[in-house]
Amino acid sequence: MTILENRPVASAAAAPASVSMAGALTAALRDAMTEDSRVVVFGEDVGALGGVFRVTDGLSKEFGDNRIWDSPLAEAGIVGTAIGMAMYGMRPVVEMQFDAFSYPAFEQITSHVAKMHNRSKGRVTLPIVIRIPYAGGIGGVEHHSDSSEAYWTHTPGLTVVTPSNPADAYSMLREAIASDDPVIFLEPKSRYWMKDAVALPVATPPMTRAVVLREGTDVTLLAYGPTVKTALQAADLGADEGLSIEVIDLRSLSPFDDETVGASVRKTSRAAIIHEAAQFGGYGAEVAARVTERQFFHLAAPILRITGFDIPFPSPKLEEYHLPTAERVLAALDTWEWD
Amino acid sequence: MTILENRPVASAAAAPASVSMAGALTAALRDAMTEDSRVVVFGEDVGALGGVFRVTDGLSKEFGDNRIWDSPLAEAGIVGTAIGMAMYGMRPVVEMQFDAFSYPAFEQITSHVAKMHNRSKGRVTLPIVIRIPYAGGIGGVEHHSDSSEAYWTHTPGLTVVTPSNPADAYSMLREAIASDDPVIFLEPKSRYWMKDAVALPVATPPMTRAVVLREGTDVTLLAYGPTVKTALQAADLGADEGLSIEVIDLRSLSPFDDETVGASVRKTSRAAIIHEAAQFGGYGAEVAARVTERQFFHLAAPILRITGFDIPFPSPKLEEYHLPTAERVLAALDTWEWD
Amino acid sequence: GTLATPFALLHHCRMSDSVAARDEPVRPTELPISLIDSRGTVVSGKRAAGFTRPSDEVLLDLYRKMVKARRFDIQVSALTRQGRLATYPSASGQEGCEIPAVAALQEHDWMFPTYRDSIAVLTRGVPAAQVLSHFRGDWHLGFDPGEHRIAPQATPLATQALHAVGLGTAARLKGDDVVALTFLGDGATSEGDAHEAFNFAAVWQAPVVFLVQNNQYAISVPVAKQTRARTFADKAIGYGMPGYFVDGNDAAAMFAVISAAVERARSGGGPTLIEGLTYRVEAHTNSDDPSRYRGKDEEAKWRELDPLIRLEKYLTKAGVLTPAVADEIAAAAEALATEARDAMSVEPDLDPLELFDHVYVAERPALLEQRAFLERELAATEAGSQS
Amino acid sequence: GTLATPFALLHHCRMSDSVAARDEPVRPTELPISLIDSRGTVVSGKRAAGFTRPSDEVLLDLYRKMVKARRFDIQVSALTRQGRLATYPSASGQEGCEIPAVAALQEHDWMFPTYRDSIAVLTRGVPAAQVLSHFRGDWHLGFDPGEHRIAPQATPLATQALHAVGLGTAARLKGDDVVALTFLGDGATSEGDAHEAFNFAAVWQAPVVFLVQNNQYAISVPVAKQTRARTFADKAIGYGMPGYFVDGNDAAAMFAVISAAVERARSGGGPTLIEGLTYRVEAHTNSDDPSRYRGKDEEAKWRELDPLIRLEKYLTKAGVLTPAVADEIAAAAEALATEARDAMSVEPDLDPLELFDHVYVAERPALLEQRAFLERELAATEAGSQS
Ligand SMILES: Cc1ncc(C[n+]2csc(CCOP(=O)(O)OP(=O)(O)O)c2C)c(N)n1
Ligand SMILES: Cc1ncc(C[n+]2csc(CCOP(=O)(O)OP(=O)(O)O)c2C)c(N)n1
Ligand SMILES: [Mg+2]
Ligand SMILES: [Mg+2]
């Protein structure tokens, strides 16, 4: 299934209004909490403060302390208690304040969240959503700009998705909350304030599918979360140079939408993947490996990875040199031999 | 530098004796502790018991409680205190009892062990070795057979190595302890009791280099730790079928020895990587992606990944279906079109 | 019935009274609480710490279950030595903690056991074959948690304590009077997760009972290297919850203290931390070698403090444990041992393809491809072996 | 000199005395220990808990450093509002904890601060420009830990407490009489790492002082949602270490209690947990909005309890803080503010290529390739912008 443009597949009667990604996420939480009393939200500062990114703004007043509350400051504790709640039939949505602060919960996530359903032969489901603001671009000091997707995508049992725009943010978060599988929901923090005209509630394509945002014939650019914007900019730049670039927003990192991506690569015969995380063992490695496995004889050139360097995320004043830019993408495409 | 066979590059006068991998590791610890009083060893059950795999057997009696001791049962605590000790000039070697039990230490490892040197512009070095028994094949119940290498190899700042035989176990552990960089030292637990005739002390090639264990012309099989034996078996099987298989023991997962592997793949034009960990986002993805990037026009076929399935590690009675076998490797090579 | 909204309760601001007006929590006693001593004699006064001995009927029931559990444990250990199971962590000597914990719970309560607590799982009603399925290596879990209200026996230490806090909290939010009891080892208390569980439970006033079985070893590591606290029960003070230090080989005392904690939790009184001082008389598991880290004399001393013996003495003296009853219990224990043997003599019927069926609820095309691959491989092997 | 082998000390087996003979740890007082109250009046008797007021000379030194720290903090907050720094967590109001902690340490001791404790780092001797380098976003760390015996200001909460325990233990193993003091926030005590640090320190009898600055908030979350303990100092009991509950706005009391803990640690007496009850009068950082979670009245009340004011009152009454001295201190504070302003008005000279130079000690070919790539890219951009 290849869907052109990220056009909502369903939308309410309401007229489109300007919505930020953060606002769309708030709306998704509000609507999910309204529709399903099993949905509870907790984490650090999600109550009165509304979260450090204000994604839970106002929900505490609206729903009260039994539906959304501030937990003690401990991420393993947050995820671990969410597991117990899910075992009793709740649908917890928990927030890790920043990407690197999900690491204390690593054991609970990999050894339990990911494995409980399999362990119990499907008798125990854990419909948990772990929201993680991730990636850089906001001038955050050390530990505030990590991209941890590769840790989660390598862990069987986890579903990992990431929206790149407000409509998807709303729709995918609703879908993640409705999913009976646990979902790692990665929120590109540099895009929280990005606004689009969206009529909420909105339903975009299923969260496990990639979407072709822009058609092209020469190259397929694969991106997700914060780098989708970079890919679109690169496509513009490329167009100026006469290069027809197809841009795919992966949306779902696990599962990977082999079908949509495969169809595109068979058409263009060239592909590149863009992400902020370090390259070595990054998510782009899986993308390059599996697309090559499946489309080897359709490929005119190796799949390129345009990513962060293999270094710890830099300090605010140096992050611009680390993050992939549209120019860097174009320069990378230039390294291919074009015949 | 391509080295044929894993022949020791230096060896003592002592006559070769039959040494198990566990025994070689014990000897390495003993010799390192003898030569350098800054080397201390601690973790769960490493003292009187000698570790659940007996790798520290006898060291407690030999060196006393100030050089090797049982810590309280907490992996973040073990790694976190090792960091502080290293900051004061010690060279701690710590043990995580099983692979999955390193996860509680994930934050200390990713946010500090990996980053301290970079953070401090090189002013603080952390010469820590984190020994982790990993992988399956010993009939361990859940959580006792994980392969976590991809989590570590994706983390800039970490060096990740894994021996496949007793001589390397000795030599690489000595080198890891001597290294000023922190090293994740992965010990393939199914190989602990594998014996070889080795004259200790032995120095095999540098731990960051891959080694060609067996020359061949048709295919390059890349393996590490527990799957090296599988690769060698596959090479035997292949030989029966007239297939000339080159086997490379990667030894170092991070850094990756592009030179040795590249030279081999340019020769054979076909490669496969074998590991126990799940395939999706596994270490093999990086191998396939980077070798393809560098050798695309030398490749006659896509690089194959023969790995564990994308499932949690199975229970003892089912692990045989999950683990790559020589037969499965051969069957995979058969899927290529051979012309 | 519906309880008062729990989180709302917390939100009276304690800021103003943060200095002085916080409650003084119950302090654990200096000596372990005891109701029946090792000679089977009734204990009263200070050592009983105000707890009442359970009725002889209850004690006989505990005794019956403890005898059966011991017999099961011995049988399974033997089967493990014979290679029929992959591993089995014995709870012999710890029945004075394990069985009262089960007995103190109601049907709708939940239990969060560890790998050590198979006899508790068994005693709560899980058939032997299902308990042992994990340890034989068939599949990670052999029983249905929802059916028995028992979480999977946790291997990653202390992780399950947080699950108990979450489950108890969820029940309370729903208005159900469910209590969650979690087992923990002395070693496991050192893990960060134990701390987070104690703290979340106390702050949220979750209906949870933390039962620390201090069997004095974490594999080879003695408690002296695990904590410098006077008792594990003392840890409760730092979380503002009640803590009890109990003779873990005294089933009567354990039952009384756990029952009180369960009822406090049920009625909205929040969590309790209970330390049962006991001893792991067997090796950690079949692959352990205790001679490397402790003396036979120490083991012998603790075997004399056997929780079964003292109850036997007491109940015999009380005239409740007549020879006829003893015979009947022995027969039931034998029957259970036979059940365990029989269960482990049938090879399980395992389908390798099931490995792919429970990873996700949702269907995944790529996983189905891998399933199909294994299916083809199995078929080829089958064909190969038939030809 | 060489101390007794620390781990050997532990290995007297406490198993036999596990029931009764463990030490009863010091219990924190019910009210915070205080030596000078908020009106600048000397406190004695029960509230002083046996501690002696530091000499006026020491108190004047503390006061001088506190005034300078406050001035620095205000200046840096202002610079941050002007956009000169990426972020700055203010410690205004917490000088009564921060400065005594620094003053109680000797040159060769180590300090493990958090992001909150810039004024402690500054006071220990790190130049303003180096302290602020991290917060401006130049590089993760602006000073040399070894030179100052100060660990990097930790962001991942409670993680540094374990480093302190490790460092203190290493020093002791080497026979050095070094003490490691680590700062922790009230919120950070909830993390598993805090627990593990307390426990490792107690079991290993590490020369460590844990200083919990209870500033009553973790960003927006009040202590009532963080713990149900009476005090954070109460947590010490569960680890078998001494705990002290102290008025954190009373620099005299803080200095006395910390100094005693430092000396106990130095002489082999093991770790101490100290809670300083204080208040974060400013926002969490510049991007926080306290009006969302607390009232102005609460803030106002705590501003009245300002740790500087009481010391000023006391020292003035004592005749030590004469107008001349006060002027001199004010001038020094102004000079420091100027230094901070000046430091932040110079753009740092940063080399993006340095990003590759400290990831590893060993050289990595693949990383050098990436470095070369950026070098080429920078050259091309340079060339492009020049053409
Ligand atoms: C997180 C984690 N680390 C290490 C282990 C390995 N391990 C299994 S049991 C055990 C000792 C546990 O001791 P304790 O908590 O006292 O329980 P007991 O076995 O005595 O019942 C250890 C270290 C584990 N299962 N999980
Ligand atoms: C492991 C981790 N989780 C979350 C955060 C985000 N965070 C930064 S400061 C803070 C509050 C800390 O409160 P407290 O420990 O009381 O220290 P204070 O800021 O009050 O000095 C939080 C949640 C973090 N830095 N590290
Ligand atoms: Mg134990
Ligand atoms: Mg605070």
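Residue numbers start from 1 in every chain, and the chains themselves are labelled A, B, ... in the order their sequence lines are given, proteins ahead of strands.
- Among the candidates C:Leu355, C:Asp193, C:Asn199, the residue making the largest number of heavy-atom pairs closer than 4.5 Å to chain A is C:Asp193.
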For this session: Please lay out, stage by stage, how C:His163 and A:Gln108 fare under the test side-chain hydrogen bond (donor to acceptor under 3.5 Å, both in side chains).
Result: CA-CA 10 Å; C:His163 308 167; A:Gln108 287 287 352; 2.8 Å; yes
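- Across all their heavy atoms, A:Arg123 and C:Leu141 have their closest contact at NH1-O, 4.4 Å.
- The candidate with the highest count of non-hydrogen atom pairs below 4.5 Å against chain C, out of A:Ser179, A:Ala76, A:Pro255, is A:Pro255.
- A:Arg38 CZ to C:Leu173 CG: the interatomic distance, rounded to the nearest 0.5 Å, is 14.5 Å.
- Minimum heavy-atom separation, A:Met116 to C:Pro152: SD-CG, 3.8 Å.
- Residues C:Glu354 and A:Lys121 have side chains in contact (heavy-atom distance under 4.5 Å, counting atoms from C-beta outward).
- Of the possible donor and acceptor atoms, none in the side chain of C:Trp139 sits under 3.5 Å from a partner among the backbone N and O of A:Ser120.
- Across C:Pro145 and A:Val124, no two heavy atoms sit closer than the pair CG-CG2, 3.6 Å.
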For this session: Decide side chain to side chain contact (heavy atoms under 4.5 Å, CB included) for C:Trp204 and A:Thr81; before the verdict, give the C-alpha distance in whole Å, the side-chain angles of both, and the deciding distance to 0.1 Å.
Result: CA-CA 11 Å; C:Trp204 292 356; A:Thr81 53; 3.7 Å; yes
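- Using a 4.5 Å cut-off between heavy atoms, C:Pro156 contacts chain A through both its backbone and its side chain.
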Exercise. Stepwise, does the side chain to side chain contact (heavy atoms under 4.5 Å, CB included) test hold for A:His117 with C:Tyr360?
Worked result: CA-CA 7 Å; A:His117 188 261; C:Tyr360 297 95; 5.9 Å; no
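- Residues of residues 361-373 of chain C lying within less than 4.5 angstrom of chain A, judged on heavy atoms, are C:Val361, C:Ala362, C:Arg364, C:Ala366, C:Glu369 in numerical order.
- Two residues are said to be in side-chain contact when any heavy atoms from C-beta on lie closer than 4.5 Å; A:Tyr88 and C:Thr169 fail this criterion.
- Proximity to chain C (any heavy atom under 4.5 Å) is shown, for A:Ser252, by neither the backbone nor the side chain.
- No other option in A:Asn118, A:Ile83, A:Val40 has as many heavy-atom pairs under 4.5 Å with chain C as A:Asn118.
- No part of C:Ala164 comes within reach of chain A, as not one of its non-hydrogen atoms sits under 4.5 angstrom from that chain.
- Note that the NE2 atom of C:His134 and the CZ atom of A:Arg119 stand 9.0 Å from one another [nearest 0.5 Å].
- Residues passing the side-chain contact (heavy atoms from CB on, under 4.5 Å) test with A:Ser171, sequence neighbours excluded: A:Ala203, A:Thr204.
- Ranking A:Leu158, A:Thr208, A:Asp180, A:Thr125 against chain C, the residue ahead of the rest is A:Leu158, based on heavy-atom pairs under 4.5 Å.
- Comparing C:Ala154, C:Ala180, C:Ala170 by how many heavy-atom pairs each has under 4.5 Å with chain A, the most go to C:Ala170.
- Neither the backbone nor the side chain of C:Ala161 comes within contact range of chain A; no heavy atom of the residue lies under 4.5 Å from a heavy atom of that chain.
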